[in-house]
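Inspection log for the structure reproduced underneath, given as structure tokens.
Every value quoted in this text rests on a predicted model; they were computed, and no experiment measured them. Each chain gets a letter, A, B and so on, in the order the sequences are listed, and its residues count up from 1.
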Amino acid sequence: MPEGHTLHRLAALHTRRYVGRPVAVSSPQGRFATNAEMVDGRVLESAEAHGKHLFHHYGPDLVVHVHLGLYGRFSDDRLPVEEPRGQVRMRVIGETHYGDLRGPTACELLTDAEVDAIHARLGADPLRDDADPDRAWARISRSRAPLATLLMDQSVIAGVGNVYRAEALFRHGLDPQLPGRKLTRACWDELWVDLVDLLHDGYRRGKIETLRSEHDPRLVDGVGPCARATYVYKRTGEPCLVCGTPVAHARHLARNLFWCPVCQAPEPVRPARRAARRTTTRLERR
DNA sequence: TGAGTATGTTCAG
DNA sequence: TGAACCTACTCAT
């Protein structure tokens, strides 16, 4: 599930597994072979994530940049190494474990300047201490674009993908088509705090679960642990867990968008209704 | 076993 | 706007 939490988990894992010691880097598939030679045998100095991007720092102008894209994976296995299965773009071997990178959108060797450029174009990352939500707000509050577009714009908020977008908008009763400039500062502040909570939770669990306990059918009805743990994502036509209305689906900029037409009804929002809405979708800190 | 689908991004046209 | 990337999972057969 490569949204931001996945990449931050990988950065933390790679820090534990490999940082501070020499690693063997290769490209069984061959597409990263020349660059792999440049860092093979070097000490991995640090691993970090910004949004959905992962960086392995081997020294000045020696940074491996990885983006998993839609279906990239980075495995984690104990030594000894096995024969590569499938297309392994990059293999990193440490003292106790090794990782195989498959199907990434990007796996490239960058200079420091190129890495800086990526950081510069990425927006506030809810999982980074240096995140600047005011900069994100400056973009959102000036934009005519709908929230559904803005939340997925990595130059506004880095690390939020389709699942977190759908779930965060639902949790705040926000119409996905609401223009950014119509969002109130108070709503943004609550939304940001919740994104920080949600992504940290995903980081800890290693999966995206967004249901508050009172809405979790696994707790309410004793449904098996495999039941989905989202309010609207991939629940098209199923009853909203709060109001029972069938969850709606549409294509938005070539991506799937899910929302509850009642809990996230468009304007006008009357004060009484907003108050009622708050009692059912209030932000719950974990 | 095979078809269909996906949490993302870039590039061609 | 659609194709490409080319993995892994789910579901139907």
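- Ion pairing of A/Asp125 with A/Lys52 is absent here, as no side-chain N (NZ or NE/NH1/NH2) approaches a carboxylate O to less than 4.0 Å.
- Comparing the C1' positions of B/dT10 and C/dA8 gives a spacing of 22 Å, expressed to the nearest Å.
- With DNA chain C read from its 5' end, the first of the two nearest nucleotides for A/Ala254 and A/Val88 is the one closest to A/Ala254.
- At whole-Å resolution of the value, CD in A/Glu209 and C1' in B/dT7 are 15 Å apart.
- Screening residues 102-113 of chain A for side chain to side chain donor-acceptor pair (under 3.5 Å) gives A/His65-A/Glu108, A/Thr111-A/Glu114 as the qualifying pairs, with residues at least two apart or on separate chains.
- Both A/Arg102 and A/Leu70 lie close to DNA chain C; mapped to their nearest nucleotides by heavy-atom distance, the more 5′-ward contact belongs to A/Leu70.
- Between the CZ atom of A/Arg235 and the P atom of B/dT7 there is a distance of 17 Å, given to the nearest Å.
- Out of C/dA8, B/dA6, B/dT9, the shortest distance to the side chain of A/Tyr71 is found at B/dA6.
- At whole-Å resolution of the value, CD1 in A/Ile208 and C1' in B/dT7 are 6 Å apart.
- Computed from coordinates, the A/Glu3 CD to B/dT9 P distance equals 9 Å when rounded to whole Å.
- Rounded to an integer number of Å, the gap from A/Arg205 CZ to B/dT7 P is 21 Å.
- Here, C/dC5 and B/dG13 have their P atoms 14 Å apart, quoted to the whole Å.
- Residues A/His50 and A/Phe55 keep their aromatic ring centres 6.0 Å or farther apart.
- By the 6.0 Å contact criterion, CZ on A/Arg185 is enclosed, its count of non-hydrogen atoms from other residues, nucleotides or ligands being greater than 12.
- Around the CZ atom of A/Arg21, the shell of radius 6.0 Å holds more than 12 heavy atoms that belong to other residues, nucleotides or ligands.
- Residue contacts shown for A/Gly86 are absent, as no nucleic acid heavy atom lies under 4.0 Å away.
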Could you run down the sub-3.5 Å N/O contacts of the protein with nucleotides 2-5 of chain B?
none

Working for ring-ring contact (aromatic ring centres under 6.0 Å, His included), residues A/His14 and A/Phe74
CA-CA 10 Å; A/His14 294 169; A/Phe74 213 136; 4.6 Å; yes
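- Rounded to an integer number of Å, the gap from NZ of A/Lys52 to C1' of B/dT9 is 9 Å.
- We find that CG of A/Asn162 is positioned 5 Å from P of B/dT7, with the value rounded to whole Å.
- The SG atom of A/Cys260 sits 11.0 Å away from the CG atom of A/Asp175 when rounded to the nearest 0.5 Å.
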Might you list the N or O atoms of the protein lying below 3.5 Å from N or O atoms in nucleotides 10-13 of chain B, with each pair's distance?
unit_1 : atom_1 : unit_2   : atom_2 : d
B/dT10 : OP1    : A/Arg121 : NH2    : 3.4

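- In this structure, A/Leu10 is not a member of the same hydrophobic cluster as A/Val88, with clusters built from ILVMFWY side-chain heavy atoms closer than 4.5 Å.
- Nearest heavy-atom pair across A/Ala248 and A/Pro261 is CB-CG, 3.9 Å.
- In this entry the distance linking NE2 of A/His5 with C1' of B/dT7 reads 8 Å, nearest Å.
- Among the atoms of the strands shown, none is found under 4.0 Å from any heavy atom of A/Arg165.
- A/Arg89 and A/Phe32 make their closest contact through O-CB, 3.5 Å (heavy atoms, listed as atom of the first residue, atom of the second, distance).
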